[in-house]
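We count ligands from 1, going down the list as the structure has it; atoms in each ligand are counted the same way. Note that the structure is a prediction, hence the values are computed from the model and not measured.
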Amino acid sequence: MATEIQNPNILVLATGGSIAQTSPDVPTLTGKSLLNAIPEFQNEAGIVVEQISQVSSPDVTADHWLVLARRINMAAVDDQIHGIVVTHGTDTLEETAFFLHLTVKSDKPVVVVGAMRRPYSLGADGAANLRDGIVLAGWPEARGRGVLVVLNSEIHSARDVSKTNCNLDAFKSPDFGILGQMVGGRPHFYRRVERRHTLGTAFPAALFRLPRVAIVYSHVGVTPDILGAVAASGYEGIVWAGTGSGSLPMAIRPAATGIVKSGLAFVRSSRVNCGHVKRNDEVDDDALGLITADSLNPQKARILLMLSLTQSRDPVKIQELFDTH
Ligand code: ASP
């Protein structure tokens, strides 16, 4: 059983979010003040806090991701830093965590935490989640598991976790479940992720631009003009958030085929937020040059497609990336 690192050095990167929000509109508390709310870490020399940004997470952009990934990859080669914690708003936490899961080039623990309640509200959860994140980031057994997300005492993989409601138990991994739990202030792990992550991904650490990829949400009566409008707006890929198993209505298929022929990547994902999108079942993906999202929800399929497009435009090669990450 792995024991704690004696006085690990942890880097906390604060980005904003409700965990730092004392007013309804914008986050105002600094990462340092979040740490001050945790008694056991008072005067803890080994915890360094940096304010990377101060935004609500709906306002996070790809530029924020690139800055965060570069800072973490710098920390990754610093022998004095044992683990990294990112404090983040919960609305897009799963997206930032997954982007880091695919681009951080280290097996050091990287743990993303947020809060479902603001700091001064009754039953606020931010300090407990941050505490858990810091303990986890210094825990030897947390190494090599990819980017982790911890809220509500549950340890999730960044690949599988999603915000599913607006309560304290908002974060779930609907397909495959949690990796472990925080019990008595210590992590207990029960499984590992199989898919490629961090050091094992096909994506370089040094990224300076991400291709633009849109998500189009299917619904009754969806018409193909939406695809044409997206294609005409300079996007390089489209993730189709299809009904059921990523279904593509007959009315959409000619436009989807045309878009692929014009050079855009087209990924079939599912709006039901869990389950595997079956290839060549309801539609001949091979014939149409479509990519299927495996078990990734649309917002995560978009991130993997953005990164895949930095490596190839070939739908066959991109499918290999979806089948292994
Ligand atoms: N709107 C907030 C955010 O995502 C919600 C939260 O942090 O819980 O930044």
Chemist: Does one side chain, of D225 or T223, offer a donor that lies under 3.5 Å from an acceptor on the other?
Modeler: yes
Chemist: Between P27 and ligand 1, find which residue part has any heavy-atom pair under 4.0 Å and reply side chain, backbone, both or neither.
Modeler: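 For P27, there is no contact with ligand 1 at all, from either part.
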Chemist: Starting from atom 9 (O) of ligand 1, find the nearest protein heavy-atom neighbour and note its residue, name and distance.
Modeler: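 Going atom by atom, the protein heavy atom closest to atom 9 (O) of ligand 1 ends up being S57 N, 2.8 Å.
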Chemist: Report the nearest protein non-hydrogen atom to atom 7 (O) of ligand 1: residue, atom name, distance rounded to 0.1 Å.
Modeler: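 Going atom by atom, the protein heavy atom closest to atom 7 (O) of ligand 1 ends up being S18 N, 2.8 Å.
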Chemist: Starting from atom 8 (O) of ligand 1, what is the nearest protein heavy atom, named by residue and atom, and what distance separates them?
Modeler: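 The answer is T90 OG1, 2.5 Å.
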Chemist: Which residue owns the protein heavy atom closest to atom 1 (N) of ligand 1, what's the atom, and how far is it?
Modeler: D91 OD2, 3.2 Å
Chemist: Which atoms of ligand 1 sit under 4.0 Å from any heavy atom of S56?
Modeler: 9 (O)
Chemist: Is it true that atom CD of Q80 has more than 12 heavy atoms of other residues, nucleotides or ligands lying nearer than 6.0 Å?
Modeler: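 For Q80, atom CD is not crowded (no more than 12 foreign heavy atoms under 6.0 Å).
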Chemist: Taking the side chain as everything from C-beta on, heavy atoms only, tell me whether Q299 gets closer than 4.5 Å to S162.
Modeler: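 Yes, side chains in contact.
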Chemist: Going by atom types alone, do D25 and S23 pair a side-chain donor with an acceptor below 3.5 Å?
Modeler: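 Distance-only check passes for D25 and S23.
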Chemist: State the atoms of ligand 1, each with its element, that fall below the 4.0 Å cut-off from a heavy-atom position in G17.
Modeler: 7 (O), 9 (O)
Chemist: Determine, step by step, whether Q181 and S153 satisfy the side chain to side chain donor-acceptor pair (under 3.5 Å) criterion, reporting the C-alpha distance in whole Å, the side-chain angles of both residues, the deciding distance to 0.1 Å, and the verdict.
Modeler: CA-CA 6 Å; Q181 293 173 319; S153 301; over 6 Å; no
Chemist: Are E282 and S247 linked by a side-chain donor-acceptor pair shorter than 3.5 Å?
Modeler: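 On atom types as modelled, these side chains qualify, holding a pair under 3.5 Å.
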Chemist: Looking at P58, which atoms of ligand 1 are within less than 4.0 Å of one of its heavy atoms?
Modeler: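 Listed by number with element: 3 (C), 4 (O), 9 (O).
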Chemist: Between L136 and V150, which heavy-atom pair has the shortest distance, and what is it?
Modeler: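 Looking at all heavy atoms of both residues, the closest pair is CD2-CB, 4.2 Å.
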Chemist: Within the 4.0 Å heavy-atom shell around A115, which atoms of ligand 1 are there?
Modeler: 6 (C), 8 (O)
